[in-house]
Amino acid sequence: MTALRVTAAECRDHHPLCTALGVNPTHPFLDNTVVRAAFAIPARHHRVEGRPKALLPVALPALPRWLTSRTSKGSFGPMLITGLRRHRAALHRLLASHPLVRAGLIDPGAARATLDAAADGSAGGQLADVHHLLAIGLWAASCPAEAA
């Protein structure tokens with residue numbers, strides 16, 4: 001349920017940016033029917049040992065079995081951590097020139113420490129935050145000067 005809330009909040013937060021860029025994202029598993037069905041399932045059914053997507057078939061039993069019987073969860077976390085570790089030096093340089101650091105809005109030492117924790121696999125819930133911060137920095141670095 002936490003992942004559902006976080007994903008929905010991220011989609012909601014990105015909506016103004018997508019609208020400004022003329023992008024119309026779709027989120028088929030975040031529509032009201034799916035969300036209501038998921039929240040109607042008792043908490044004891046949210047996690048089942050050995051079934052990473054236990055909530056989905058209980059919430060929407062009409063979904064095709066090929067979708068609800070998958071055994072993999074598809075986490076990108078391990079790949080992200082590997083990339084952070086492999087490119088740590090370049091990412092430190094990116095943080096040093098990050099527009100939010102230059103503007104004094106982010107403490108560069110704290111950003112480096114969080115990046116290092118993420119690269120070491122110990123950032124916990126901050127991995128997505130590090131990813132977003134780096135994505136913003138890469139976007140800003142690749143933008144024409146008038147857009148940044």
Side-chain angles (χ1 to χ4, degrees), residues 1-31 34-35 38-39 41 43-60 63-148:
M1 295 310 285
T2 301
L4 180 62
R5 284 185 178 99
V6 169
T7 302
E10 185 172 309
C11 293
R12 188 175 47 251
D13 291 347
H14 288 136
H15 185 73
L17 175 63
C18 291
T19 300
L21 296 173
V23 175
N24 185 22
T26 59
H27 310 286
F29 291 110
L30 289 176
D31 69 15
V34 174
V35 172
F39 282 119
I41 303 301
R44 69 182 179 278
H45 295 296
H46 291 188
R47 296 187 198 279
V48 175
E49 189 65 35
R51 297 222 25 233
K53 296 182 183 288
L55 182 59
L56 189 59
V58 175
L60 297 167
L63 286 176
R65 214 162 134 57
W66 63 263
L67 176 65
T68 60
S69 64
R70 288 183 41 203
T71 57
S72 66
K73 188 166 181 158
S75 172
F76 293 105
M79 288 185 286
L80 179 57
I81 291 169
T82 299
L84 294 175
R85 189 175 296 130
R86 185 174 295 150
H87 301 286
R88 188 184 311 223
L91 295 173
H92 275 254
R93 290 189 298 275
L94 176 66
L95 285 176
S97 64
H98 199 287
L100 297 176
V101 169
R102 287 193 322 260
L105 298 172
I106 293 179
D107 173 15
R112 277 192 309 275
T114 305
L115 168 62
D116 288 337
D120 294 335
S122 60
Q126 295 178 310
L127 188 57
D129 296 333
V130 170
H131 178 249
H132 287 126
L133 180 64
L134 294 170
I136 291 166
L138 285 169
W139 173 81
S142 66
C143 273
E146 64 274 3

Keeping Asp107 on the side-chain end and Gly109 on the backbone end, is there a donor-acceptor pair under 3.5 Å?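 Checked: pair present.
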Keeping the roles fixed (side chain from His98, backbone from Leu133), state whether a donor-acceptor pair exists under 3.5 Å.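 Looks like yes, one N/O pair under 3.5 Å.
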Straight-line distance of [X] [atom1] to [Y] [atom2], nearest 0.5 Å:
X	Y	atom1	atom2	answer
Leu115	His131	CG	NE2	12.5 Å
Leu91	Leu138	CG	CG	7.5 Å
Asp120	Ile81	CG	CD1	9.5 Å

Please assess Arg112 against Val101 for the test side-chain contact (heavy atoms from CB on, under 4.5 Å), listing each intermediate value before the final yes or no. CA-CA 11 Å; Arg112 277 192 309 275; Val101 169; over 6 Å; no
Is His132 atom NE2 crowded by more than 12 heavy atoms from other residues, nucleotides or ligands, each under 6.0 Å away?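 Buried by this count: over 12 neighbours within 6.0 Å.
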Answer yes or no: does atom CZ of Arg85 have more than 12 heavy-atom neighbours from other residues, nucleotides or ligands under 6.0 Å?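 Enclosed.
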Let's go through Leu134 and Leu95 carefully: what are the C-alpha distance in whole Å and the side-chain angles of both, what is the deciding distance for side-chain contact (heavy atoms from CB on, under 4.5 Å) to 0.1 Å, and is it a yes or a no? CA-CA 7 Å; Leu134 294 170; Leu95 285 176; 4.0 Å; yes
What is the minimum heavy-atom distance between Gly137 and Pro99, and which atoms define it?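 Scanning both residues, the minimum pair turns out to be CA-CD, 4.5 Å.
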Are any non-hydrogen side-chain atoms of Thr114 and Asp129 less than 4.5 angstrom apart?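 No, side chains not in contact.
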